Amino acid sequence: MKEKTGLESPVSELRGVGVRRAAVLGEAGIHTIADLLYHLPRRYLDRSRIVPIAQVPAGQEVTLIGQVRQKRFIPGARPRFVLIVEDGTEEIACVWFQGARYLQRNFAEGDLLALSGKVEHFQGRLQITHPECEFVANAGEPELLHTGGIIPLYTTSADMKEKGLRNRGFRRLMHAALEEFAAGLEDPLPAELRQRLGLAELGDCLRQVHFPSSWEAMAQARRRLAFDECYTLQVRLARGRRARREAGQAPPMPRSQRLVPALRASLPFALTGAQQRVLGEIAADLAEPVRMSRLLQGDVGSGKTLVALGAMLQAVEAGFQAALMAPTEILAEQHAATLAALTGPLGVGVELLVGGLPAARRRQALAAIASGEAPIVVGTHALIQTGVQFARLGLAVIDEQHRFGVAQREELQRKGPGVHLLVMTATPIPRTLTLALYGDLDSSALDELPPGRKPVRTALRGGERRPQILEFAAAQLREGRQAYIVYPLVEESEQLAVTSASEGLAQLQAGPLGGFALGLLHGQLPAEEKNRVARAFKDGQIQALVCTTVVEVGVDVPNASVMIVEHAERFGLAQLHQLRGRVGRGPAQSYCILIAGSQAAEETERLQVLCQTQDGFEIARRDLELRGPGEVLGLRQAGLSELAIADLARDETLMLQAREEAFRWVGA
Ligand code: ADP
Ligand code: MG
């Protein structure tokens, strides 16, 4: 996009903005005209929906607009500030107890106010206590600054309010800025593109988003501004992809003629359609002389390991080594065992490299990796340590990629001169989020589970049902099954009286699960202890594992049939879905019981999503809708902070359009 002319001038260029005001605006992050124009209304007030005071229903939340007739500070034991406001139909008293003494100077007779709150009848007249209050216009000032009956309301800082830049002042400023700059703005989007996608011109959009002539016009304006954000983001991603492809030479690996077909022939089942499709996508990437960077998303149990193995065998057949990096030792060991069982008959060896190896085995492993004798290497972070040298690394696969930083992924890729990269995640995220976060990667999705999976029966229960739930778990244990009981925190925190895992263990031992072998697993245990406990659970020596979310990844115990989650409301849906994925891995019917510590309606609605579907993508979509992207991902991700207007839950089409346009423009 071209620079937006004029927009980068300091706000002090505006008439009415002197040094003092500029400083106040600067405090609020508004330095340039662009900052100002892109400070969008937080919400709008619809004048056409305003109720005349005479018709205000008592006891309900309403918004009304009226003029200040009188203001009065009433001292006494409970000092209060009262405004009498009227709108030509009736008058109403607005009462403040908090800050009563200081409120007086904020209001003048004749000010036009929008007031929101609950109206009561008090001593024979209408009253609102502590209403939310917005200035529509100052006394004597024509209310020119809104058309179509829609009044923009802005978030203004306390300091701005102090300095006369509460809403009315801010609106005036905005109006002035638009008058002066909107017409002269050069639209960075070419007219042809705007026309094709039905996007209005930038200056108009800014005018409409601040002072809408109708709701429809406002929505159109927002859409255009949201598109700009998506487009800017996608241009950046497209450039990243192009740069990487231009710089990233890698050895072309022809499609496998021997090993992959042999692998497929040896399986007791057919690959799912999704597995075949994704294997094809990866095979095509590997055959190119450009480094692959592909994200593979697939729900728990969708069969990512086989896809990864298919890719690794293509590399091996082409004469290269392939490495698979997993976040925990247990997971790495499992992968090594699974892969070895599959590749043994094909004559392809699997080497394991984890931190806990005895010195002699470690030396052997390092030697085999360095000589190229080990075609497939599976490990943890141990793989990216400096002492590890590959003879001819051609493909790096990262499992549970969200457990690794970008730097760690790249380090593995740097273990060879040109290494293809496949990153896998079992945490499906909605399409829009994938496009925003990983838009510079190519992406594949395993959106189909192997046939015959029994859905995990999932129930949401209140804490009062705990005795029955644990009795049920005990019955399953007596039948030879195993169970997980997950707690949200390790130590009891003072604000949140949560039963911690350690405390939970003590209670369970003393009570309902007394006769059984219980184990405790949480993130603060030393690594060897974690491994020991996880192994004991896998071997069946521990029947019920009391734990925190460390089990989210890495433990594969097909015999486990019960997952109990305490304080389920503390977890994100995607995380709960991952936890549930720990059971239902064997032939037995499995159960997931979510114990909710709160009965709040919105929490219940959120958790019910898990009971309704087993589809990770659907769950992720609902999670995004209900909690927003920041919460869903649990961190501030690059790419998301750029999106202030675009809504990832809603603007999927917009993001896709922006991507298509941006990638075509950049030629990525
Ligand atoms: P995830 O995607 O969670 O890593 P895995 O690769 O561990 O899933 O696969 C889960 C289980 O499904 C494994 O036991 C695997 O052998 C089995 N599996 C994979 N693909 C198929 C298939 N096409 N048909 C039947 N079972 C399959
Ligand atoms: Mg897996």
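For this chain, numbers begin at 1 and follow the sequence in order. Read the numbers this way: they start at 1 and go in the same order the structure lists the ligands and their atoms. Treat the numbers as computed from the prediction; the structure is a model and nothing was measured.
Distance alone, capped at 3.5 Å, is enough to place a donor-acceptor pair between the Glu317 side chain and the Arg258 backbone. Between the Lys454 side chain and the Pro587 main chain, a donor and an acceptor come within less than 3.5 Å of each other. One N or O on the side chain of Gln482 and one on the backbone of Ile542 form a donor-acceptor pair closer than 3.5 Å. Proximity of a side-chain donor or acceptor of Arg392 to a complementary backbone N or O of Gly319 within less than 3.5 Å is detected. Side-chain atoms of Gln543 come within 3.5 Å of backbone atoms of Ala517 as a donor-acceptor pair (strictly under, hydrogens ignored). Using modelled atom types, no side-chain atom of Glu351 and backbone atom of Ile369 make a donor-acceptor pair closer than 3.5 Å. At distances below 3.5 Å, at least one donor-acceptor pair connects side-chain atoms of Arg244 with backbone N or O atoms of Asp440.
Residue Leu306 has at least one heavy-atom neighbour below 4.0 Å for each of these atoms of ligand 1: 19 (C), 20 (N). In summary, the atoms of ligand 1 found under 4.0 Å from a heavy atom of Val300, numbered by their order in the structure, are 3 (O). Less than 4.0 angstrom separates some heavy atom of Thr272 from each of these atoms of ligand 1: 23 (N). Near Leu271, the atoms of ligand 1 lying under 4.0 angstrom from a non-hydrogen atom of the residue are 23 (N).
Distance remark: protein heavy atom present below 4.0 angstrom from atom 11 (C) of ligand 1. Distances from atom 14 (O) of ligand 1 to the protein include no heavy-atom value under 4.0 Å. Protein heavy atoms come within 4.0 Å of atom 25 (C) of ligand 1.
Here the protein heavy atom with the shortest distance to atom 17 (C) of ligand 1 is Arg453 NH2, 3.7 Å. For atom 21 (C) of ligand 1, the closest heavy atom belonging to the protein is Phe269 CE1, 3.3 Å. Shortest contact from atom 9 (O) of ligand 1 to any protein heavy atom: Gly303 CA, 3.6 Å. Atom 2 (O) of ligand 1 has Lys304 NZ, 2.7 Å as its closest protein atom, hydrogens excluded (heavy atom only). The protein atom (non-hydrogen) at minimum distance from atom 6 (O) of ligand 1 is Thr305 OG1, 2.6 Å. Scanning all protein heavy atoms for the shortest distance to atom 3 (O) of ligand 1 gives Gly301 N, 2.6 Å.
Side-chain atoms of Thr272 and Leu449, non-hydrogen and from C-beta on, never get closer than 4.5 Å to each other.
Across Ala560 and Ser590, no two heavy atoms sit closer than the pair O-OG, 3.8 Å.
The shell of residues lying under 4.0 angstrom from ligand 1, judged by heavy atoms, excludes Gly298.
Here the straight-line distance linking atom CD1 of Ile398 with atom CG of Leu295 works out to 11.5 Å at 0.5 Å rounding.
Proximity of Gln275 to ligand 1, defined as any heavy-atom pair under 4.0 Å, is confined to the side chain (atoms from C-beta onward). Only backbone heavy atoms of Ala270 (N, CA, C or O) come within less than 4.0 Å of ligand 1; its side chain stays farther off. Contacts of Asp299 with ligand 1, taken as heavy-atom pairs under 4.0 Å, involve the backbone alone.
Cation-pi geometry between Arg457 and Tyr591 is not met at under 6.0 angstrom from the ring centre and within 45 degrees of the axis.
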